[in-house]
There are 2 protein chains.
Amino acid sequence: MELSCKSEYAILALLELAAHYDSGEPLQIRQIAAEQNIPDRYLEQLLATMRRSGLVRSQRGAKGGYILAREPWKISLLDVVESIEGLDSQPPEPKQGTKSVEGMVIWEAWKEACLAAEAVLQKHTLQDLADKRDARQQLDLMYYI
Amino acid sequence: MELSCKSEYAILALLELAAHYDSGEPLQIRQIAAEQNIPDRYLEQLLATMRRSGLVRSQRGAKGGYILAREPWKISLLDVVESIEGLDSQPPEPKQGTKSVEGMVIWEAWKEACLAAEAVLQKHTLQDLADKRDARQQLDLMYYI
DNA sequence: GTATACCCCGGTTCTCCAGTGGGGTTTTGC
DNA sequence: GCAAAACCCCACTGGAGAACCGGGGTATAC
């Protein structure tokens, strides 16, 4: 149930890409890393993973960078986590056979819990999070004044 | 979202204890381990952890062993997992401050997913799993005949 | 008082996370 | 062309935790 550093970095990076999605221009790893305080060489690996999963597209060479592969409201947190965590969400069997009836019953209950969590992650999109972030920042500003 | 070997062993052991709960007599580590194919020295550690969490009680000396601390329908899978996994389910903050608004928004969504999963685990008790196991075994028997 | 069984502590191997580094390839702009 | 900018790929390290194994201590029944 632990949110890994990897996944958090990935989501932060995608939020940054979502913010610049309308411009149509690619964002560089360095800029994202600087903005969100992420080690850039590490972020590079995460973005490469997400590129292979089809979440982002990359443009090589000078003036290159990364762009979201689709609109921010079409990317859910589940998409990100599954991409970055290696889609090992539901192994078909707990081990390599399990065989025991007890093992099956336990695994079914566990799977039900996983599905419940995934359903929540599925309905949260990058757009949602970006909107919530904006609202939160507006609120902070009002308190400040 | 991964069901660890630890937790599965722990649940298997408690199911075994639940099956012998009516007898009122303690079950020994060796017997549980043999019945469920768990390394006994490892199971010992898990049972010690669950004893410290108050899920089971132990009786030392000859004819000793372990007994459930309360009735099987009063122990949920969430109890077991939290005990065995070290109750690190919801850290109040992702890191040691997070500070960024983005980090907070992400963490809130994640917490929502965790709560959904925990709600599922909460409603599954040892009694439930034991009943399902029995029903499954009956079914297997019918197919066999 | 001895056998039984829990109790505590420490070590070992393995895998994964988090992060760093080197060297290669593609593209822009001159 | 050519150099700089940027992605691309591979490998390595340090630390943490999982899954064990083993030794010696302690309480309890018979």
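Heavy atoms only: backbone and side chains are in, while hydrogens, waters and symmetry mates are out.
- For the pair B/Asp40 CG and C/dT4 P, the computed distance is 15 Å after rounding to whole Å.
- Residue B/Ala62 places its side chain closer to D/dA29 than to any other of C/dC6, D/dA29, D/dC21.
- For the pair A/Trp110 and B/Glu2, the tightest heavy-atom approach, listed with the atom from each and the gap, is CZ2-O, 3.6 Å.
- Distances were taken from every side-chain heavy atom of B/Glu85 (C-beta onward) to each of D/dA18, D/dC21, D/dC7; the shortest belongs to D/dA18.
- Nearer to the 5' terminus of DNA chain C, by closest-nucleotide assignment, is the contact made by B/Ile29 (compared with the other of B/Ile29 and A/Ser7).
- Qualifying side-chain hydrogen bond (donor to acceptor under 3.5 Å, both in side chains) partners for A/Asn37, counting only residues two or more places apart in sequence or in other chains: none.
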Show me the donor-acceptor pairs within less than 3.5 Å that the side chains of residues 130-141 of chain B make with the rest of the protein, sequence neighbours left out.
residue: B/Asp131; atom: OD1; partner: B/Gln127; partner atom: NE2; Å: 3.3
residue: B/Arg136; atom: NH1; partner: A/Glu108; partner atom: OE2; Å: 3.4
residue: B/Arg136; atom: NH2; partner: A/Glu108; partner atom: OE1; Å: 3.0

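- Between the CZ atom of B/Arg30 and the C1' atom of C/dA3 there is a distance of 13 Å, rounded to whole Å.
- Applying the 4.0 Å criterion to OP1 and OP2 of C/dG19, one finds that A/Tyr9 has a side-chain N or O inside that range.
- A salt bridge links A/Lys123 with B/Glu112: at least one charged nitrogen is closer than 4.0 Å to a carboxylate oxygen.
- One can place OH of B/Tyr42 at 5 Å from C1' of D/dA18, the figure rounded to the nearest angstrom.
- As rounded to whole Å, 18 Å separates atom C1' of D/dC8 from atom CZ of A/Arg57.
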Just list the side-chain donor-acceptor pairs under 3.5 Å for residues 46-61 of chain B, sequence neighbours left out, or say none.
residue: B/Thr49; atom: OG1; partner: B/Gln45; partner atom: O; Å: 3.0
residue: B/Ser53; atom: OG; partner: B/Thr49; partner atom: O; Å: 3.1
residue: B/Ser53; atom: OG; partner: B/Ser83; partner atom: OG; Å: 2.9

Can you give me the N/O atom pairs linking the protein to nucleotides 7-11 of chain C at distances under 3.5 Å, or say none if there are none?
residue: C/dC7; atom: OP1; partner: B/Arg51; partner atom: NE; Å: 3.3
residue: C/dC7; atom: OP1; partner: B/Ser58; partner atom: OG; Å: 2.5
residue: C/dC7; atom: OP2; partner: B/Tyr66; partner atom: OH; Å: 2.4
residue: C/dC7; atom: N4; partner: B/Glu44; partner atom: OE2; Å: 3.2
residue: C/dC8; atom: OP2; partner: B/Arg51; partner atom: NH2; Å: 3.2
residue: C/dC8; atom: OP2; partner: B/Arg52; partner atom: NH1; Å: 3.4
residue: C/dC8; atom: N4; partner: B/Glu44; partner atom: OE2; Å: 3.3

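- Residues from residues 11-25 of chain A lying near DNA chain D, meaning a heavy-atom separation below 4.0 Å, are absent.
- Rounded to whole angstrom, the span from the CG atom of B/Leu43 across to the P atom of D/dC21 amounts to 12 Å.
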Residues 65-77 of chain A side chain polar contacts: donor-acceptor under 3.5 Å, at least two apart:
residue: A/Arg70; atom: NE; partner: A/Lys74; partner atom: O; Å: 2.8
residue: A/Arg70; atom: NH2; partner: A/Lys74; partner atom: O; Å: 3.4
residue: A/Arg70; atom: NH2; partner: A/Asp79; partner atom: OD2; Å: 3.2
residue: A/Ser76; atom: OG; partner: A/Leu78; partner atom: N; Å: 3.3
residue: A/Ser76; atom: OG; partner: A/Asp79; partner atom: N; Å: 3.1
residue: A/Ser76; atom: OG; partner: A/Asp79; partner atom: OD2; Å: 3.2

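- If you measure from atom CD of B/Glu8 to atom C1' of D/dA18, you get 14 Å, rounded to the nearest angstrom.
- Across the protein-nucleic acid pair, B/Ile32 atom CD1 and C/dA5 atom P stand 12 Å apart, rounded to whole Å.
- By the side-chain hydrogen bond (donor to acceptor under 3.5 Å, both in side chains) test, B/Glu35 is found to be paired with no residue, residues two or more places apart in sequence or in another chain being considered.
- Under the side-chain hydrogen bond (donor to acceptor under 3.5 Å, both in side chains) criterion, B/Lys63 pairs with no residue, sequence neighbours left out.
- Between the CD1 atom of B/Ile84 and the P atom of D/dG17 there is a distance of 16 Å, rounded to whole Å.
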Please output the side-chain donor-acceptor pairs of residues 18-26 of chain B that fall under 3.5 Å, not counting sequence neighbours, one pair per line with the distance.
residue: B/Ser23; atom: OG; partner: B/His20; partner atom: O; Å: 2.8
residue: B/Ser23; atom: OG; partner: B/Glu25; partner atom: N; Å: 3.2

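- The side chain of A/Lys6 places an N or O atom within less than 4.0 Å of a non-bridging phosphate oxygen (OP1 or OP2) of C/dC17.
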